[in-house]
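Structure first, then comments.
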Protein chains: 2
Amino acid sequence: MTVSITDVARAAGVSASTVSRALRGRPGVSDEVRAQIAAVAAELGYTASRSASSLASGRTYTIGVVAPYIGRWFFGTVLDAAEQILSAAGYDVLLYNLGSPEARKRFFTKLPVRKRVDAVLSLLIPDPEETDALLSLGVPLATTVGGARDGFVVVGIDDRAGAESAVRHLVNLGHRRIGMISGASGPLHWTTPIDRRQAYLDVLADAGIPHDPALEADGGYTVEGGEQAMTELLAGSRPPTAVFAQSDEMAMGALRALRRHRLRVPDDVSVVGFDDHELAEVIGLTTVAQPVAGQGAEAARLLLRRLDEPDAELPGHVQMPIRLVLRETTAPPSPRGPQ
Amino acid sequence: MTVSITDVARAAGVSASTVSRALRGRPGVSDEVRAQIAAVAAELGYTASRSASSLASGRTYTIGVVAPYIGRWFFGTVLDAAEQILSAAGYDVLLYNLGSPEARKRFFTKLPVRKRVDAVLSLLIPDPEETDALLSLGVPLATTVGGARDGFVVVGIDDRAGAESAVRHLVNLGHRRIGMISGASGPLHWTTPIDRRQAYLDVLADAGIPHDPALEADGGYTVEGGEQAMTELLAGSRPPTAVFAQSDEMAMGALRALRRHRLRVPDDVSVVGFDDHELAEVIGLTTVAQPVAGQGAEAARLLLRRLDEPDAELPGHVQMPIRLVLRETTAPPSPRGPQ
DNA sequence: AATCTGAACGCAAACGCTTGCGCAACAACG
DNA sequence: CGTTGTTGCGCAAGCGTTTGCGTTCAGATT
C-alpha cells in the first residue's frame, strides 16, 4: 500500500498533526523534529494525498483552465506559459477543452470544477449565463481574451492600437485599396474583431480613403477561412492592393489564395497579419506581434497573487505591449496594380 | 455555502447513502426514489465533491497527462484529442508541462500525481528512472511517442515504413543526392530518429546509392534547427538535390534556408517532411502524414478501457496508418543541379 | 518557591463522500 | 402459515488530511 501520514508519524515517533505541520512549514514544530520528520518522509517516499488534504482544508492547490481548441497555436502557447508559472508555484492545472458545443454545454451545466479548483483561467469568451456559472464558483477568475468583464482579471492588448499600426503601415506604403479579412462570425461579447475593424475604419478615414464594403471579408480566424476570404476579395471588380488580416492564420490562408491566383507577395499584393504566430517568421509575414506567452504567464501570476493575498488591490485589466514587425509580405503598391 | 450530499438527502427525505447510490446509478434504489433524488439534486445544483468522493472511493476520475512543450503543434494536437475522449467519459485531465529541466525534475521527484490520478498518458520519453517513477504509481500508463516499453500501452506509427516511403519517393523522382535533416540530439531511448534514419539508409542502399555522411545534418526537431541544418547541407561541396526532413517543422526551416539562398523549391531542391503539420498544406509541403490527433484519441480510449476492465487483454502496441501526401515541394531533379 | 508564560506537541473532531452490513417489509414458496 | 428470498433503504465506519484546543514542561518572572 501507499504510505500515509500516520505511517510517517509512527516512524518518526510523533503524531500525525505534527507531521502535517512540519511538512507544510507551519509553526509549532521544533527545528530538530521538523528535520527528523522531513528525513523520514523522504525515506518513505511520502506524498500527502491531495484529496484528503483538500477535503480537510478546503484548498485544492489546483487551477482550472478552460479553453477552446488547445490544438491551436494561440491557446496552446498561452496554456503552456500559464502552466509553467502555476506548476512552479505548486499548483496543478486541470484542463478543460471546450471545443465542441457538447463539451462546452457539459462543462457549464455539470461544472466539474466546483469544489475542485482554487481559481479559473478562461481562454474562451463566456456568454452571460456561462459567466454567471463561473462567478458562482466563488473563486478568482482570469482571462486572456476579450475585453473587460466584471469579476475577471483580464490581461490583453490594445487591439485598436495594434490594428491601427498595421493599417497605417499599409497606408504609409502608398496603398489606397486596402482590404480586411476579419472574424465577424465569432462568439458574441468578443470585442476583438470589432475593435480591430474600428481601427481599420479609423485609419482609412484619417487618410481620406473612402470605405468600400466590398473590401471586407470574413475569415473566421482560420487558415481555410482566410483563404476563402482572400479568394472573395480577388473576385471583386477592383481587388485590393493590400490586405490586413486580423490574425496570422487568416493571413496564411490569404497567402495561399494569392499563390493559387499566381499573384506575387508583396509585388502584387501586400499582406499584414496579427499575432506573430510562431511560423510567421518562417513565412516572412509582416504582422503585429503580441506577447502571447507573456499574457498567459501574466494572467497566471495575477491569479496566484490573488490567491496569496485575497484582498490586495490588483489591477482588473492589464495591457501588454504590441509592436509591428516588418518582414517580407509588405511593399509599396505596384504601379500597374494587381491582375 | 455549497450544498452537500446531506443537504440533498434531507431535502429528499432519504439518507446520504441512498443519494450517493442514486446519483451514481448504483443498484439498491427504487426507480421512483432515484428520480426524486435526481430532481432534488438538480434543483439544488448539487455536484459531488471530487476530493471527498475520491478520498472515500480511491477513484479519482482524473487522468494525468505529462508532456514537453504543449505549445508545439504535435503535442497540442495529441492533448486536444485525448482530452476530448477523456472528458466525454467523465474524466478530468491534469496537465503537466515538463518543458524545462527543472519542471521535469520537480515532477518526477515530488510526483504530484500520486494518489491523484487513475492513469497517466505520457507524451514524453521517460528515462529509466523516470519510467520507474511512473510505474511506481501503480496505474495504467500510455504513451504516443517512442517505441514499445514494458508497462505502457503505446500507440504510434511505423516510423521505418513512413520514412521509407518519403525517401523512396525522392529516389523514384530520380534524385541521387538525397540529404537528411534528422534529430539525433533528442533524448535517449527515443527510437524515432534512429528508425527513420535507418529507413533512409536502407532505401539508399536498395537503390544502389552510396551513403554520403556529408548529406546528413541535425535539425533538433525545430524550425530554427532545420534552417541551420539546411544551411550546412548547402555549404557542402556537392549539396543535395533533395532533402528528407524528419519533421515538418524542420522541413519548414529548410524551406526558409533555401529561400534565403535564392534556391527554388521544388525546381532546384525538393523537400519532403514528416508529420503533416496543420500548416503543411498551407505551405504546400510534401510530407508523410500521421494521424496525430488519432493517436491521442486512441491512447485515451485504450486507457479508458483498461480502467473499465482492468484485466482484459489489451494490445500493448497499436500502429496507426501513415501515408505519403504529395504536394508541391517535390519534383524531379533539375538537369543542371542546384546552385 | 509559587506562578506565569510560551513553545512544542498530541487529541479528536471535522471535511463530504462511499460502502459493507444490518434490518425491515414484502413476495413467493412449500 | 412459517420459511426463505429479494428488494430498498439506513447506519456507521472508514478514507487521509487539517486544525482548534488542551496538555505538558522548561524556563522566566515575581
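Naming convention: chains lettered A, B, ... in sequence-line order (proteins, then strands); numbering from 1 in each chain. Below, each value reflects all heavy atoms present in this structure, side chains not excepted, and no hydrogens, waters or symmetry copies.
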Whole angstrom is fine here: how far is it from [atom1] in [X] over to [atom2] in [N]?
X        : N      : atom1 : atom2 : result
B:Gln36  : D:dC9  : CD    : C1'   : 14 Å
A:Leu55  : C:dC15 : CG    : C1'   : 4 Å
A:Asp7   : D:dG16 : CG    : P     : 9 Å
B:Ile5   : D:dG10 : CD1   : P     : 12 Å
A:Arg116 : C:dC17 : CZ    : C1'   : 14 Å
B:Arg26  : C:dG20 : CZ    : C1'   : 13 Å
B:Arg59  : C:dT19 : CZ    : P     : 10 Å
A:Leu23  : D:dG16 : CG    : P     : 16 Å

Using the closest heavy atom to pick a nucleotide of DNA chain C for each, name whichever of B:Ser51 or B:Thr18 lands nearer the 5' end.
B:Ser51
Using OP1 and OP2 only, check whether a side-chain N or O of [X] sits under 4.0 Å from [N].
X        : N      : answer
A:Ser53  : D:dT17 : no
A:Tyr61  : D:dT17 : no
A:Ser15  : C:dG10 : yes
B:Lys115 : D:dT17 : yes
B:Arg34  : D:dG8  : no

Show your reasoning for whether side chain to side chain contact (heavy atoms under 4.5 Å, CB included) applies to A:Ser100 and A:Arg104.
CA-CA 6 Å; A:Ser100 70; A:Arg104 187 159 180 156; over 6 Å; no
For B:Ser17 and A:Ser54, take the nucleotide of DNA chain D holding the closest heavy atom to each; which residue's nucleotide lies nearer the 5' end?
B:Ser17
If you pin A:Val19 and B:Gly13 to their nearest nucleotides in DNA chain D, which one's is more 5'?
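Whichever sits nearer the 5' end wins; that is B:Gly13.
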From the list A:Val78, A:Thr77, A:Ile70, side chain to side chain contact (heavy atoms under 4.5 Å, CB included) partner of A:Phe74 resolves to A:Val78
Among the candidates [options], find the nucleotide nearest to the side-chain atoms of [X].
X       : options                : result
A:Arg24 : D:dT19, D:dT17, C:dC9  : D:dT19
A:Ser20 : C:dG16, C:dT18, D:dT18 : D:dT18
B:Ser30 : D:dT19, C:dC17, D:dC9  : D:dC9

Under 4.0 Å, heavy atoms only, any strand: does A:Arg21 hit a base, just the sugar-phosphate, or nothing?
base
If the test is side chain to side chain donor-acceptor pair (under 3.5 Å), which one of A:Thr62, A:Asp92, A:Thr60 qualifies with A:Arg50?
A:Asp92
Any donor-acceptor N/O pair, A:Asn97 side chain to B:Glu83 backbone, under 3.5 Å
no
4.5 Å side-chain heavy-atom contact, A:Val153 and A:His317:
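No, side chains not in contact.
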